[in-house]
A.B. asks: 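Submitted below is the structure of interest, expressed as structure tokens.
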Amino acid sequence: MQESVAYAPPMRNRRFQIPLLIASIYGLIVLPLGIYLWTLAVDSLPSDSSRLLRLVHEQIEKDYVEEIDEQELVFGAVKGMVENLDRWGTFVGPKKAHQFDQNQLEGTYSGIGVLLVDGEPRILSPLSGGPAEQVGLEVGDRFLEVGGQPVPPKEEANLTDWLRELLTGLSGETIELVIERDDERIPFTVQRGEVRNPRVLWAHLLDEERKIGYLHVRGFQRNVRQEFDQSIARLEEQAGGALGGLVIDLRFNPGGLLDEAVEMTNRFVSEGRIVTQRGREAIVEVHDADPNLCTHPDLPLAILVNGTTASASELMSAALQDHDRAVIVGSRSYGKGAVQSVFRWEDRDYRLKLTTSLYYPPSDRVIDRHHAEDKRGGIVPDIEVQVNNALLRDIDAMLGRVEVPYYYRERVLELGLPVPPTPDPSFDPQLAAALEALRGD
């Protein structure tokens, strides 16, 4: 999933639901803001609240020790109002709006799109479709100069961080590079662009004989469903036909776009309810399975979860568990059953992320820890496997690495570059339990 994603302009009535970190986007039309936003907000409040805000605002304007930025003052007031409601809501001003869209909605960043060899100024692999690949940078290329600066010795601390900082930047800006390839110095001019972070980080066969595949899904940003489908298709190709089972690892997955999670769940469920959203007083929306989107109705599944599996990933886990389509393995999930809506205005770079509903799986059980009777919520695994914190950190670090794209692996191995270790059941007891459940041993 190395697709370049452009910033999506505001559109009226276009809606994306996302639990946890992300949510729905509505295109709205508003009058010019600035000071008027403050006046409008204050005037709409009950008289006592309005008077309090006016008094404080006037006192700050009159007596604060330094000159104030009126817009920042308004932003701060709005941000404080929203964030006081719960930990999920926030208000984002123009300076961070684009970054918010990249990180939370699109799963992109601005850069040249390469994986780096840890501690060395070398390209492990370009990312598919990214600027680096488009201009001809290759596996094993060694950086000699970046942006006119010579690359420091690899022994120097934070060399990888130094490279990442220079290679990322504003989309559309160019950066001059000098690389070494086959003892030849080659200059490149690369225009930074929107680079898509892979969200399916690992895809390989755990058991070739029984054709059991493994996928680690790190988040539910836009279009992850396409990456998910492509990864399953590659696993089937490697297996020489239909898979005998699939482990979907949702550990360390904080959630994302609800629509993505619903459709990915639909791949394995042909009918019935997937999720219901309820607002303050009524049902907001229901999502039922579409039989036309069910591609693997009988594929045996094991879902891995832990305490960092949250929201959209909990939704997927709960729906597959309720439909008896998957065995859930690991430890109790986080317990985040709230859905946020991200509002944005046509001519203003503001984002308002606000909790607008709770979601419920087919069984109608309460996932959200703040609304559950036991105050824990979450998904309780069918097979519980606990791991200690030290091992948990090691598993997180390993899974957080991006797997070298399959079409570059042969070249990476040929050059003797270090390949990130693949998730290993002998090292990971939760993964071992999931594999055993699918084997039926």
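Quick note: residue numbers are just sequence positions, from 1. These figures come from a predicted structure and were not determined experimentally.
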A.B. asks: Can you list the residues that meet the side chain to side chain donor-acceptor pair (under 3.5 Å) rule with Lys211, with sequence neighbours excluded?
C.D. replies: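 Result, side chain to side chain donor-acceptor pair (under 3.5 Å) vs Lys211: none returned.
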A.B. asks: As a quick check of understanding, evaluate side chain to side chain contact (heavy atoms under 4.5 Å, CB included) for Phe220 and Met316, giving each step before the final call.
C.D. replies: CA-CA 11 Å; Phe220 289 93; Met316 184 175 183; 4.0 Å; yes
A.B. asks: Within the structure provided, determine whether Asp288 and Ile274 are in side-chain contact (heavy-atom separation under 4.5 Å).
C.D. replies: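 The answer is no; the side chains never approach within 4.5 Å.
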A.B. asks: Working to the nearest 0.5 angstrom, can you tell me the gap between Leu392 CG and Arg251 CZ?
C.D. replies: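 The CZ atom of Arg251 is 8.5 Å from CG of Leu392, to the nearest 0.5 Å.
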A.B. asks: Check whether any side-chain heavy atom of Tyr359 sits under 4.5 Å from a side-chain heavy atom of Ser311, and report yes or no.
C.D. replies: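 Of all side-chain heavy-atom pairs linking Ser311 with Tyr359, at least one is under 4.5 Å.
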A.B. asks: Which atom pair, heavy atoms only, marks the closest approach of Ile379 to Ser317?
C.D. replies: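 The answer is CG1-CB, 4.4 Å.
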A.B. asks: For Thr90 and Lys79, which I'm curious about, is there any donor-acceptor pair between the side chains at under 3.5 Å?
C.D. replies: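 Side chains of Thr90 and Lys79: pair found under 3.5 Å.
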A.B. asks: Is there a donor-acceptor contact under 3.5 Å from the side chain of Arg325 to the main chain of Ala319?
C.D. replies: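 Side chain of Arg325 to backbone of Ala319: no pair is present.
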A.B. asks: Any salt bridge linking Lys336 with Asp86? Criterion: basic side-chain nitrogen under 4.0 Å from a carboxylate oxygen.
C.D. replies: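 Looking at Asp86 together with Lys336, the answer is no, because their closest N to O distance does not fall below 4.0 Å.
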A.B. asks: Are Arg199 and Glu260 close enough, and set up right, to give a side chain to side chain contact (heavy atoms under 4.5 Å, CB included), and what steps lead you there?
C.D. replies: CA-CA 12 Å; Arg199 293 293 83 191; Glu260 298 289 333; over 6 Å; no
A.B. asks: Which residues pass the side chain to side chain donor-acceptor pair (under 3.5 Å) test with Arg369, sequence neighbours left out?
C.D. replies: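 Side chain to side chain donor-acceptor pair (under 3.5 Å) list for Arg369, sorted by chain: empty.
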A.B. asks: Which pair of non-hydrogen atoms, one from Ala434 and one from Leu304, has the smallest distance, and what is that distance?
C.D. replies: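 Between these two residues, the closest heavy atoms are CB-CD2, 4.0 Å.
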A.B. asks: Calculate, to the nearest 0.5 Å, the distance between atoms CG and CD1 belonging to Leu358 and Ile367 respectively.
C.D. replies: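 Interatomic distance, Leu358 CG to Ile367 CD1, rounded to 0.5 Å: 11.0 Å.
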A.B. asks: So, for Pro126 and Ile123, which heavy atoms are closest and what is the spacing to 0.1 Å?
C.D. replies: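 Of all heavy-atom pairs spanning Pro126 and Ile123, the closest is N-CG2, 3.9 Å.
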A.B. asks: Which heavy atom in Leu115 sits nearest to a heavy atom in Val404, and how many Å separate them?
C.D. replies: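 Closest approach of Leu115 to Val404, heavy atoms only: CD1-CA, 4.5 Å.
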A.B. asks: Please list all pairs meeting salt bridge (charged side-chain N to carboxylate O under 4.0 Å, His left out) that have one or both residues in residues 116-132, counting only residues at least two apart or in different chains.
C.D. replies: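 Sorted result for residues 116-132: Asp118-Arg401.
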A.B. asks: Please determine whether side chain to side chain contact (heavy atoms under 4.5 Å, CB included) holds for the pair Ile175 and Val146, giving the CA-CA distance in whole Å, both sets of side-chain angles, and the decisive distance to 0.1 Å.
C.D. replies: CA-CA 7 Å; Ile175 184 167; Val146 178; 3.7 Å; yes
A.B. asks: State, yes or no, whether a side-chain contact exists between Pro187 and Leu177 at a heavy-atom distance under 4.5 Å.
C.D. replies: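 The answer is no; the side chains never approach within 4.5 Å.
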A.B. asks: Would you compute the distance between atom OG1 of Thr160 and atom CG of Leu167 and round it to the nearest 0.5 angstrom?
C.D. replies: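 Nearest 0.5 Å value for the OG1-CG distance: 10.5 Å.
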A.B. asks: Without swapping roles, check the side chain of Asn223 against the backbone of Gln226 for a donor-acceptor pair under 3.5 Å.
C.D. replies: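 Checking the backbone N and O of Gln226 against the side chain of Asn223, no donor-acceptor pair under 3.5 Å is found.
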A.B. asks: Which residues pass the ring-ring contact (aromatic ring centres under 6.0 Å, His included) test with His204, sequence neighbours left out?
C.D. replies: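 So His204 forms a ring-ring contact (aromatic ring centres under 6.0 Å, His included) with Tyr214.
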A.B. asks: Quick check: does any side chain N or O of Asp424 sit under 3.5 Å from a backbone N or O of Ser426, one acting as donor and the other as acceptor?
C.D. replies: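 Answer holds: yes.
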A.B. asks: Check whether more than 12 heavy atoms from other residues, nucleotides or ligands sit under 6.0 Å from atom CD of Glu165, and answer yes or no.
C.D. replies: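 No.
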A.B. asks: Distance alone, cut at 3.5 Å: any donor-acceptor contact between the side chains of Ser171 and Ser110?
C.D. replies: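 On atom types as modelled, these side chains do not qualify, holding no pair under 3.5 Å.
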A.B. asks: Between Thr308 (side chain) and Phe252 (backbone), is there a donor-acceptor pair under 3.5 Å?
C.D. replies: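 Answer holds: yes.
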A.B. asks: Please say whether more than 12 non-hydrogen atoms of neighbouring residues, nucleotides or ligands are located less than 6.0 Å from CG in Asp161.
C.D. replies: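 Yes, CG of Asp161 has more than 12 neighbouring heavy atoms, counting only those of other groups under 6.0 Å.
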A.B. asks: Would you mind checking if Arg411 and Glu414 are paired as a salt bridge, meaning a charged N to carboxylate O distance below 4.0 Å?
C.D. replies: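 Result for this pair is yes, salt bridge flagged.
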A.B. asks: Which pair of heavy atoms, one from Pro381 and one from Gly330, lies closest together, and at what distance?
C.D. replies: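 In this case the closest contact between Pro381 and Gly330 is CG-O, 3.4 Å.
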A.B. asks: Could you tell me whether a side-chain N or O of Glu314 sits under 3.5 Å from a main-chain N or O of Gly335, the two making a donor and an acceptor?
C.D. replies: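 Judged by distance alone, yes, a pair lies under 3.5 Å.
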A.B. asks: Which residues pass the side chain to side chain donor-acceptor pair (under 3.5 Å) test with Glu176, sequence neighbours left out?
C.D. replies: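 Partners of Glu176 by the side chain to side chain donor-acceptor pair (under 3.5 Å) criterion, ordered by chain and then number, come out as Thr189.
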A.B. asks: Quick one: is the NZ or CZ of Arg278 closer than 6.0 Å to the six-membered ring centre of Tyr360, and within 45° of its axis?
C.D. replies: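 Yes - Arg278 lies over the ring of Tyr360, closer than 6.0 Å to its centre and within 45° of its axis.
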A.B. asks: When rounded to the nearest 0.5 angstrom, what distance separates CD1 in Ile60 from CD in Glu66?
C.D. replies: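 CD of Glu66 is found 13.0 Å from CD1 of Ile60.
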A.B. asks: Is the closest side-chain heavy-atom distance between Val224 and Met264 below 4.5 Å?
C.D. replies: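 They are in side-chain contact.
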A.B. asks: One thing to verify: whether Arg181 and Glu138 come together as a salt bridge, which I'm taking to mean a side-chain N less than 4.0 angstrom from a carboxylate O.
C.D. replies: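 A salt bridge is present here (some side-chain N lies under 4.0 Å from a carboxylate O).
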A.B. asks: Is there a donor-acceptor pair under 3.5 Å between the side chain of Thr309 and the backbone N or O of Ser333?
C.D. replies: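 No.
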A.B. asks: Does a donor on one side chain and an acceptor on the other come within less than 3.5 Å for Glu133 and Tyr408?
C.D. replies: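 Result is yes, a qualifying pair exists.
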A.B. asks: Show the nearest heavy-atom pair for residues Pro425 and Leu435, with the distance to one decimal.
C.D. replies: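 What the structure gives for the nearest pair is CG-CD2, 4.0 Å.
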A.B. asks: Quick one, Asp229 and Arg267 - any side-chain contact, counting heavy atoms below 4.5 Å?
C.D. replies: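 Sidechains of Arg267 and Asp229: in contact.
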A.B. asks: Taking the side chain as everything from C-beta on, heavy atoms only, tell me whether Pro423 gets closer than 4.5 Å to Met398.
C.D. replies: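 Yes, at least one pair of side-chain atoms sits under 4.5 Å.
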A.B. asks: State which residues pass side chain to side chain contact (heavy atoms under 4.5 Å, CB included) with Gln191; sequence neighbours excluded, sorted by chain then number.
C.D. replies: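 With sequence neighbours excluded, Gln191 shows a side chain to side chain contact (heavy atoms under 4.5 Å, CB included) to Thr174, given in chain and number order.
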A.B. asks: How about Glu173: does its CD atom have over 12 heavy atoms from other parts shown lying under 6.0 Å from it?
C.D. replies: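 Enclosed: over 12 neighbouring heavy atoms sit under 6.0 Å from CD of Glu173.
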A.B. asks: Any non-hydrogen side-chain atom of Leu250 less than 4.5 Å from a side-chain atom of Ile303?
C.D. replies: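 Leu250 vs Ile303: side chains touch.
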A.B. asks: Any side-chain donor paired with an acceptor under 3.5 Å for Glu263 and His287?
C.D. replies: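 Side-chain D/A pair, Glu263 to His287: absent.
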A.B. asks: Has Glu208 got more than 12 heavy atoms of other residues, nucleotides or ligands less than 6.0 Å from its CD?
C.D. replies: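 For Glu208, atom CD is not crowded (no more than 12 foreign heavy atoms under 6.0 Å).
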A.B. asks: Could you check Leu391 against Phe427 for side chain to side chain contact (heavy atoms under 4.5 Å, CB included), going step by step and ending with a plain yes or no?
C.D. replies: CA-CA 9 Å; Leu391 180 56; Phe427 166 76; 3.8 Å; yes
A.B. asks: Could you check whether the rings of Tyr350 and Phe75 sit parallel, tilted or perpendicular, using 30° and 60° as the cut-offs?
C.D. replies: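 Rings of Tyr350 and Phe75: perpendicular, as their planes differ by over 60°.
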A.B. asks: Looking at Val385, is its backbone amide N or carbonyl O close enough to the side chain of Gln430 to form a donor-acceptor pair, meaning the two atoms are under 3.5 Å apart?
C.D. replies: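 Yes, Gln430 side chain to Val385 backbone: donor-acceptor pair under 3.5 Å.
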A.B. asks: For the backbone of Ile179 and the side chain of Asp141, can you confirm whether one donor and one acceptor N or O come within less than 3.5 Å of each other?
C.D. replies: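 Judged by distance alone, no pair lies under 3.5 Å.
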A.B. asks: So which of Leu215, Leu301, Leu206, Asp207 actually passes side-chain contact (heavy atoms from CB on, under 4.5 Å) with Val247?
C.D. replies: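 Of the listed residues Leu215, Leu301, Leu206, Asp207, the side-chain contact (heavy atoms from CB on, under 4.5 Å) partner of Val247 is Leu206.
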A.B. asks: Between Trp202 (side chain) and Leu399 (backbone), is there a donor-acceptor pair under 3.5 Å?
C.D. replies: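 Side chain of Trp202 to backbone of Leu399, a donor-acceptor pair under 3.5 Å: yes, one is there.
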A.B. asks: Calculate, to the nearest 0.5 Å, the distance between atoms CD and OG belonging to Glu285 and Ser357 respectively.
C.D. replies: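 If I round to the nearest 0.5 Å, the distance is 8.5 Å.
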A.B. asks: Can you check whether Phe91's main-chain N or O pairs, donor with acceptor, with Arg351's side chain at less than 3.5 Å?
C.D. replies: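 Not at all, since once roles are kept as given, no pair shorter than 3.5 Å links the two residues.
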A.B. asks: Are Ser125 and Leu417 close enough that some pair of their side-chain heavy atoms sits under 4.5 Å apart?
C.D. replies: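 No - every pair of side-chain heavy atoms lies 4.5 Å or more apart.
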A.B. asks: Hey, could you give me the CG/CZ distance between Leu293 and Phe268, rounded to the nearest 0.5 Å?
C.D. replies: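 Result: 12.5 Å between the selected atoms.
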